[in-house]
Each structure stands twice: as C-alpha cells, then as structure tokens.
Amino acid sequence: TMALNTQRWFSIFSFLLLQPFAINKNKNTYVVVAAEEQNLFWESRSGYDGVGRHHPITFANETHGFLFSGSTSSSSTTLDFHMYEEISDTWFDLSSTVGESFPGSQISFGYGTVLNSPQHTKAYLGFGIDSTGARLSDWYSFDMATHSWTKLATFPGPGRRHPAVVPVKKKSSSDNPEWEIHVGLGDGYVSGSFSNFNDWWSYDVSSNVWTQNQDFPSSKRHHPFYFGLSDKSYTGFGHSRSFPYIERDWYMYDLEQGQWARDTDFASYSITTEGISNSTFQYSEQPVTTEARVAGTQFSIELPLVLNNDDGNDSSSALSGSLGFVLSGDGNDHGVMATGEFHAFYPPTTDSTVMRPAGITSNSSWWRELPPHPGRSRWAPGSFVMRGTARAYFTSGLDRGSGTWHSDLWCIDLSPLFFLASQESNSTNGTKMPTFATLPTIQSTNLPSSTATFPTMAAPTIDDDSSPKNYGDTSAAYGYCLVMATAASAVLSILVGERF
C-alpha cells in the first residue's frame, strides 16, 4: 500500500510539474508529445448547455450522439436529454420534449447501449436509481430516428446501479443477424441489506425475453468496465467489498459456450518508434501500468459493421478491426488519477503479422496505453462512438479533486489503430497495427474546425463540503488537502462501499 501511494503521489507531482512540456498549447488540440502517438490526439468540441453531470447515459448512431439523465450538483436524478449533431458540432436540448416523455421516473446511475449494426435505430437502456435512491430494474428502448420511447420486459433480477450492459452478436444461420444484450454485476439491496452482485443475464433483442446465465466467476462488484466484441462479453475491474476492493482482474463470457474464462489481469504497454527504421512500432518491454481501476467509461469499435439484411459485413467500410477501450475513472485507491488514462484492449489473434508485446502468445490478449483525455481522470463520465467510424467522444464526469462537474466534449479519431479493409488478412480476430506510412484516410471528415483551446488547470479545490475551499497556489495546502481527500475516499470506499 505504501509503495502504491508513493507511486500515486509521484505521478501527480510529475504530471503537475511537467504539464507545460507535455501539451502543445499553440494548437487547438490536446496532444501528447511523443512520436508513437503523433497520429492520436484529443480535439475539443462544443459542450452541451446547462450543468455538468456524472453518470449520464450516452450512445450514438451514425450521425448523432445522445446524452440522457445523470446526476448534477443540485439533483441526484434528472430527465435531461441532449442530442449532439456531429456535422455541425451542435447540441440540442430536448429535455422538455424527449426527456419529459420518458415513461419512467427521473433516474441516474443507469446505462445504455446500441447494436453494432448500421442504421439500427434503437438504443437500449435502463437500471439506476430514482429520486428516492431505490434501485431500478426497468428496461426501455429509444428510437433515435423518431425520438420515441418503448417500455420493454422488466429485468427479472434485483434492481441495481451501474451494472455492465454489453451488446453481443449471436451466431445465426438466418439471413438476419440476432443480438443479445448481457447485463450483470452492479449494486443494490437484498432483504434490506446493501449488496454487490455477480449474476449475469442475457436479453434477447428479437424476443424481448430475459434469461439468466452462469454467474460471473469472481468477486461481486459494482461499477465495472465492460464491452462486447463479436459474440463475446468482456468485463472486470470495478469495486468489490473484499481485498483488494478495487479490482484489476478481467474475464470473457463466450455466448455460444455459455461459459466464462479468465483473461489476463490488466497490464498496459506503451509503444515507441525510437531506434526503429521505417517508423514502425514496438511495445515497451514492461507494462507502463497495472493499476486497478473503477468508475470510468468504456466502448468497443468493430469494423466493418454487421449488416442488417444478411450474415455478412458492410463491404463499404474503409477500416477493419476489433478493439475494446477503457477510459478515465478512479484508480486503485478509488481516487482521482493524475491523467485521464486511456487504454485499448487487443483480443487474442493467430495472425502472426499483428504486433504484440514480448511474451504475448496467439492465445493471449493485451492492453495498449493511448493518449489520456485532457486534465485529470473523472468519476463516472460518458462516451459514445459514431457508428461505422473510429471517432470516439468523451463527455461529462466529476473531477472529485477539484469538484468540477463537466459538460464538455472531446473527440479522438482512433482510425490509426485499425487497418485498411483492403489489406485485411484471413484472420477474423485482432487488429493489425499499421505503420505511419499506411495510415488510412478517413472518408467522412465532416468535422468542424475547433476554436477551443486546452483549458488551463485551475487551482485544485477539495469537494469535502457544500463550500469547497480554494487553496490557490499554496503547494503545502494543496498537498495536505489532496492527501486528506484521497485518504477519506479510500476509507469510505472500503467501509461504505455502496456510496461509490
């Protein structure tokens, strides 16, 4: 514990000290100045009007992103509804129409998802808490074209906050692909007592039926990270009620087998081009981080998309590959991390041309460190991906170090992590890592130029009461308050797990 804390304080000190040298402030983008990441960077987009929040439900189709509900500084639950139009970089506040027409109560701590199928108009969402704190088991669909809601079959398990909600494609011999949404973990109450969960359920999209599956094979937990790749669900990390409390184990559920398998515990590698000819990549010899984490956001990108009208893929896609991503959240002490950490998950592949860290075999997955989002990490932010592209968006969340409730929006184009569909090998798993010389050209670049600049980090304030204290530039006071805040967070995380 002492070593971990020492490492955390050193990281925070280094981040603050070296921040001016790590950011290119002459551009309207947040850029990590490192050769291996020169094609991956965060760009500022327009934030939504109104107050910031944590635990928004976020999802997107091909052209628009959607943000629903969440908790603000003045309300633990909301029906706020915002829609983002990518081509014009514009938000529309639909709270008084779409939000108020939601057939349930005000909510927060819920989750939602869309299917990885082009022009599929439905998003699926639910769970969370109402204004009384009661855990919900409601389940809804939202039509992104007509802006209409439909109440679906109620989840038959205990109501819960922040579970995993994972879309997966069923293998089918029919002309139309079939989908399931896997739901499990989270926290709620059993016989009046707080409890984490390790159950795992599947929702059949076509039949509107829930089925209970094999339980998650590790500790009960809430606020995990998760995503789906093809017919497999991945989940792990999160907050349990036994040592080590914040987890770093990772698991895969195979839909066809109906069984869990333990994947490699979290360990993320960096890449470099230093000392290598032709600007190709190599991985670091050792992981750059193995830190456990909780309460961030996540998504997956699978290209090409799965077509609706047959069992094949969209041949018009310029990119090909299959990756999962985890972004931001709290670290292994349930406290803020010095940077908005971002990591890509590479599933196992037998393709020998796919680069991987030393010692990683064809049967093993691995993680790669990506450029962090601007500023420190955030508790319970949101994210969405414009379907059919590799453009990911990051928004909202609470900086519990400064007490900042965010309503901003950042975009990163992850196309360099994928390879041209025309260069695809016979492998159906994994993702090639192209050289800089073969980076794909994005066909759909209707993104407005940004006029925003990287925000200056304000002097930290500690969110310990209704009137946070501002300690200005006094380093001793800052250090003392940050220590106290992190210590309090760790103690509460262990003793009063349901608060997080």
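From a predicted model like this one, the values you see are computed outputs, not experimental measurements.
Side chains of Y253 and T235: no donor on one and acceptor on the other come within 3.5 Å. No side-chain N or O of T361 forms a donor-acceptor pair with one of N363 less than 3.5 Å apart.
Taking the six-membered ring wherever Trp is involved, the centroid distance between the rings of F102 and F81 does not fall below 6.0 Å.
In terms of modelled atom types and a separation under 3.5 Å, the side chain of R135 and the main chain of G133 share a donor-acceptor contact. Between the S377 side chain and the G329 main chain, a donor and an acceptor come within less than 3.5 Å of each other. N208 places a side-chain N or O within 3.5 Å of a backbone atom of A153 that can act as its donor or acceptor partner. One N or O on the side chain of T395 and one on the backbone of D408 form a donor-acceptor pair closer than 3.5 Å. Put simply, the side chain of R45 never gets that close to the backbone of L409: no donor and acceptor are under 3.5 Å apart. E247 places no side-chain N or O within 3.5 Å of a backbone atom of G238 that could act as its donor or acceptor partner.
A distance of 11.0 Å separates NZ in K151 from OG in S141, rounded to the nearest 0.5 Å. Of the inter-residue distances, the one linking I57 atom CD1 with D80 atom CG reads 12.0 Å to the nearest 0.5 angstrom. Atom OH of Y111 is separated from atom CZ of R161 by 9.5 Å, given to the nearest 0.5 angstrom. Rounded to the nearest 0.5 angstrom, L136 CG and I129 CD1 are separated by 8.0 Å. Taken to the nearest 0.5 Å, the CH2 atom of W250 stands 11.5 Å off from the OG1 atom of T264. Separation of atoms CZ (F266) and OG1 (T289) is listed at 5.5 Å; rounding is to 0.5 Å.
For the pair V51 and S74, the minimum side-chain heavy-atom distance is 4.5 Å or more. Counting only heavy atoms from C-beta outward, the side chains of L185 and Y226 never approach each other to under 4.5 Å. Contact annotation: the side chain of V168 approaches that of H182 to within less than 4.5 Å [non-hydrogen atoms, C-beta and beyond]. Between V336 and R400, every side-chain heavy-atom pair lies at or beyond the 4.5 Å cut-off. Counting heavy atoms from C-beta on, the side chains of E302 and S230 come closer than 4.5 Å. At least one side-chain heavy atom of T78 sits less than 4.5 Å from a side-chain heavy atom of S69. The shortest side-chain heavy-atom distance between I301 and L323 does not fall under the 4.5 Å cut-off. A heavy-atom distance below 4.5 Å is found between the side chains of F216 and W260.
Between K169 and L255, the shortest heavy-atom distance links the atoms O-CD1, 4.4 Å. Considering every non-hydrogen atom in both W379 and H334, the closest pair reads NE1-CE1, 4.1 Å. The two atoms that bring P224 and H162 nearest to each other are CD-O, 3.7 Å, heavy atoms only. L229 approaches P347 most closely through the heavy-atom pair CD1-CG, 4.1 Å. Of all non-hydrogen atoms in S328 and M337, the two that sit nearest each other are O-CE, 3.9 Å. Annotation for M386 and A60: closest pair SD-CB, 4.4 Å, computed over non-hydrogen atoms.
When the side chain to side chain contact (heavy atoms under 4.5 Å, CB included) test is applied to A261, the partners found at least two apart in sequence or on another chain are M252. Not counting sequence neighbours, D215 has no partner by the salt bridge (Lys or Arg N to Asp or Glu O under 4.0 Å) test. The side chain to side chain donor-acceptor pair (under 3.5 Å) check on S108 picks up S71, with sequence neighbours excluded. In terms of the salt bridge (Lys or Arg N to Asp or Glu O under 4.0 Å) criterion, D138 has no residue partners (sequence neighbours excluded). For E341, the salt bridge (Lys or Arg N to Asp or Glu O under 4.0 Å) partners at least two apart in sequence or on another chain are R293. By the salt bridge (Lys or Arg N to Asp or Glu O under 4.0 Å) test, K220 is found to be paired with no residue, residues two or more places apart in sequence or in another chain being considered.
Classification of the Y346-Y283 ring pair by plane angle, with boundaries at 30° and 60°, yields perpendicular. The aromatic rings of Y203 and W210 sit tilted relative to each other, their planes meeting at an angle between 30° and 60°. Using bins of under 30°, 30° to 60° and over 60° for the plane-to-plane angle, the ring pair F227/Y234 lands in the tilted bin. Classified by interplanar angle (parallel below 30°, tilted 30° to 60°, perpendicular above 60°), the ring pair H222/F194 is perpendicular.
A salt bridge is defined here as a Lys NZ or Arg NE, NH1 or NH2 lying under 4.0 Å from an Asp or Glu carboxylate O, and D254 with K232 meets this definition.
F325 pairs in a ring pair (Phe, Tyr, Trp, His ring centres under 6.0 Å) with only one of the listed residues (F225, F299, W367, F384), which is F299. Considering D249, D199, D187 in turn, D249 is the only one that fulfils the salt bridge (charged side-chain N to carboxylate O under 4.0 Å, His left out) rule with R221. Shown are W42, F41, W410; of these, the ring pair (Phe, Tyr, Trp, His ring centres under 6.0 Å) with F342 is made only by W42.
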| Taking it one step at a time, do L327 and H373 satisfy side chain to side chain contact (heavy atoms under 4.5 Å, CB included)? | CA-CA 8 Å; L327 175 60; H373 70 70; 3.8 Å; yes

| Derivation and outcome, side chain to side chain donor-acceptor pair (under 3.5 Å), residues T72 and S75 | CA-CA 5 Å; T72 69; S75 181; 4.9 Å; no

| said: Please determine whether ring pair (Phe, Tyr, Trp, His ring centres under 6.0 Å) holds for the pair F155 and W201, giving the CA-CA distance in whole Å, both sets of side-chain angles, and the decisive distance to 0.1 Å. | reply: CA-CA 9 Å; F155 175 67; W201 300 73; 5.2 Å; yes

| query | Taking it one step at a time, do H55 and H223 satisfy side chain to side chain contact (heavy atoms under 4.5 Å, CB included)? | reply | CA-CA 11 Å; H55 285 95; H223 236 156; 3.1 Å; yes

| said: Between F345 and S300, is the side chain to side chain contact (heavy atoms under 4.5 Å, CB included) condition met? List the steps. | reply: CA-CA 9 Å; F345 172 81; S300 59; over 6 Å; no

| message | One pair to check against ring pair (Phe, Tyr, Trp, His ring centres under 6.0 Å): Y140 and F68. What are the steps and the verdict? | response | CA-CA 13 Å; Y140 304 90; F68 175 54; 8.8 Å; no

| Evaluation steps, side chain to side chain contact (heavy atoms under 4.5 Å, CB included), between I107 and F127 | CA-CA 8 Å; I107 65 170; F127 303 100; over 6 Å; no

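Residue E256 qualifies as enclosed at atom CD: its count of foreign heavy atoms under 6.0 Å is above 12. Remark: Q286 CD is loosely packed, at most 12 non-hydrogen atoms of other residues, nucleotides or ligands lying under 6.0 Å away.
A cation-pi geometry, defined here as NZ or CZ lying under 6.0 Å from the six-membered ring centre and within 45° of its normal, holds between R160 and F197.
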